[in-house]
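Have a look at the structure below before the remarks.
When reading the values below, keep in mind they use all heavy atoms of this one structure, side chains included, and skip hydrogens, waters and symmetry mates. If you read the sequence from its start, that first residue is 1, and numbering goes on from there. Note that the structure is a prediction, hence the values are computed from the model and not measured.
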Amino acid sequence: MAANNRRMSGKKGAQVGSGGQRRRGLEGKGPTPPAEMRKGHKKNRVANSKAKQAVRRPVARGRGGKGTSEMVVGRNPVVEALREGVPAVTLYVQQFIDNDERVREALQLVADRGGVHLMEAPRPELDRMTNGLNHQGVVLQVPPYEYAHPEDLAGAAYDEGQDPLIVALDGVTDPRNLGAAVRSVSAFGGHGVLVPERRAAGMTAGAWKSSAGTAARTPVARCTNLTRALEAYKKQGIAVVGLAADGEHEVGELAALGGPVVIVVGSEGKGLSRLVGETCDYRVRIPMPGGAESLNAGVAAGIVLYEAARRRA
């Protein structure tokens, strides 16, 4: 045996070896993975099934959808929009334009803000983009607004350890009233505004301007059906309070405003729609000794929000 070993040791040339396979085979493979990660295990199959269901049914938060892109046209409207901080993607300026004070201010505002593209375009192209409106050689493109989901508004309140304070608008079609409601919600510590998709104002440049910049920090949610959205809030224990000229309660007497609440404001002319009015837990009225028949949505929302904030203080 020893002779055989000597013959092998004297052999020249490459030796056949394991290539390190034996050594690697002796190395450990680390800790045993949990059952959920072991292929073929029952818990792994259950985990995979849950993951597939989650893909099919994504969570609702953050899925309020987007609005449509908007064009602000004319020198004064463009300058006002830029002054008020309305979001913008691109400022289009006509080639060979008469460079007056308003044009210079628009260019300066865009330069100071940053992040807004500046494009020069011939007049026929601006005519086409604006469908022939009197753009005066200046057009501002506003990006689509990203709406929150109704559940986001209540969720944000609960995340902060607070009772939800939300304003819902029923049939309000003037963007300025929407912007005013957003401003009031921000002023009194509310958590957002809810609007329906159809027959209602959306977050346009006009709404942004009326919000005086508060739309940047106060979310607006959109729902396909306002009645169903209010019913969902009620199931979470949130009181739904509707404003009505013939309401059973005066705004200063309703204790429910001190807790989780959605304040529903109707249009100035028609008030609350029938189904929305029937969904409300309470209907409140605002005393008006001066004899005015109604208030616009933004003012009415501000009065009730003040009372809610006073009770929470």
Checklist entry - Can Leu91 and Leu107 be said to form a side chain to side chain contact (heavy atoms under 4.5 Å, CB included), step by step? => result CA-CA 8 Å; Leu91 175 65; Leu107 294 173; 4.1 Å; yes
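- A search for ring-ring contact (aromatic ring centres under 6.0 Å, His included) contacts involving His249 returns Tyr282, not counting sequence neighbours.
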Next on the checklist: Go through it in stages, so that I can follow the logic: the residues are Leu243 and Ile263, the test is side chain to side chain contact (heavy atoms under 4.5 Å, CB included), and I'd like the CA-CA distance, side-chain angles, deciding distance and then a yes or no.
Outcome noted: CA-CA 7 Å; Leu243 271 65; Ile263 300 163; 3.5 Å; yes
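- Under the 4.5 Å side-chain criterion, counting only non-hydrogen atoms from C-beta, Leu305 is in contact with Val167.
- When atom types are taken as modelled, the side chain of Asp112 and the backbone of Leu109 share no donor-acceptor pair closer than 3.5 angstrom.
- Side-chain atoms of Arg104 come within 3.5 Å of backbone N or O of Asn99 as a donor-acceptor pair.
- Annotation: the span from Arg199 atom CZ to Thr173 atom OG1 amounts to 11.5 Å, rounded to 0.5 Å.
- Checked for salt-bridge contact, Arg310 and Glu307 meet the test: a charged N lies under 4.0 Å from a carboxylate O.
- Atoms CZ and CG, from Arg311 and Leu257 in turn, are 6.5 Å apart once rounded to the nearest 0.5 Å.
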Checklist entry - side chain to side chain donor-acceptor pair (under 3.5 Å) between Asp152 and His191: does it pass, once the steps are laid out? => result CA-CA 9 Å; Asp152 293 346; His191 301 99; over 6 Å; no
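- The two residues Val138 and Arg75 have their closest heavy-atom pair at CG2-CG, 3.9 Å.
- Shown here for Pro219 and Ala148, the closest heavy-atom pair between the two residues is CB-CB, 4.3 Å.
- Met129 and Val110 fall into different hydrophobic clusters, where Ile, Leu, Val, Met, Phe, Trp and Tyr side chains are chained together by heavy-atom contacts under 4.5 Å.
- Side-chain contact between Leu165 and Arg312 is present, with heavy atoms from C-beta onward closer than 4.5 Å.
- With rounding to the nearest 0.5 Å, the separation of CD in Glu105 from CG in Asp100 is 10.5 Å.
- Using a 4.5 Å heavy-atom cutoff, the side chains of Glu84 and Trp208 are not in contact.
- For Gln162, the CD atom sits in a packed shell: over 12 heavy atoms of surrounding residues, nucleotides or ligands are nearer than 6.0 Å.
- Shown here is Arg102, whose CZ atom has more than 12 heavy atoms of other residues, nucleotides or ligands within 6.0 Å.
- Under a 3.5 Å cut-off, the side chain of Lys234 and the backbone N or O of Asp281 do not form any donor-acceptor pair.
- Taking both residues in full, the closest heavy atoms of Leu82 and Ala106 are given as CD1-O, 3.8 Å, listed atom of the first, atom of the second, then distance.
- Residues Leu118 and Val93 meet the side-chain proximity criterion, which asks for heavy atoms closer than 4.5 Å.
- Across all non-hydrogen atoms, the minimal contact from Pro87 to Pro143 is O-CD, 3.4 Å.
- Using modelled atom types, no side-chain atom of Ser186 and backbone atom of Val182 make a donor-acceptor pair closer than 3.5 Å.
- Considering all non-hydrogen atoms of both residues, Ala244 and Arg283 come closest at CB-NH1, 3.8 Å.
- For the pair Val73/Gln136, no side-chain contact is recorded, criterion being any heavy-atom separation below 4.5 Å from C-beta on.
- The distance from atom CE of Met288 to atom CD1 of Ile303, rounded to the nearest 0.5 Å, is 8.0 Å.
- Using a 4.5 Å heavy-atom cutoff, the side chains of Val299 and Ser184 are not in contact.
- Other cluster members for Val264: Leu153, Tyr158, Ile166, Leu194, Leu226, Leu230, Tyr233, Ile238, Val240, Val262, Leu272, Val276, joined by side-chain heavy-atom distances under 4.5 Å among Ile, Leu, Val, Met, Phe, Trp and Tyr.
- Counting heavy atoms of neighbouring residues, nucleotides and ligands inside a 6.0 Å radius, atom CD of Glu101 does not exceed 12 of them.
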Next on the checklist: Before you tell me yes or no, could you show the steps for Glu80 and Arg83 under salt bridge (Lys or Arg N to Asp or Glu O under 4.0 Å), namely the whole-Å CA-CA distance, both residues' side-chain angles and the distance that decides it to 0.1 Å?
Outcome noted: CA-CA 5 Å; Glu80 290 172 6; Arg83 284 176 183 168; 5.8 Å; no
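- Of the residues listed (Asp170, Val172, Leu178), the one engaging Val195 in a side chain to side chain contact (heavy atoms under 4.5 Å, CB included) is Leu178, and it is the only one.
- Pairing each heavy atom of Val265 with each of Ala301, the nearest pair is CG2-CB, 4.1 Å.
- No path of Ile, Leu, Val, Met, Phe, Trp and Tyr side chains, each step under 4.5 Å between heavy atoms, connects Leu133 with Val78, placing them in separate hydrophobic clusters.
- Remark: side-chain polar atoms of Glu70 are paired, donor with acceptor, to backbone N or O of Ala205 under 3.5 angstrom.
- Note: the hydrophobic cluster containing Tyr145 does not contain Met71 (ILVMFWY, side chain heavy atoms under 4.5 Å, direct or indirect links).
- In this structure, the side chains of Val304 and Ile286 come closer than 4.5 Å at one or more pairs of heavy atoms.
- In this structure, NE2 on His135 lies 13.0 Å from OH on Tyr92, to the nearest 0.5 angstrom.
- Considering only heavy atoms from C-beta on, Val142 stays 4.5 Å or farther from Val89 through its side chain.
- Residues Glu231 and Arg228 are not paired through a salt bridge, judged by the lack of any N-O separation under 4.0 Å between the basic side chain and the carboxylate.
- Interatomic distance, SG of Cys223 versus CZ of Arg198, reported as 10.5 Å (0.5 Å rounding).
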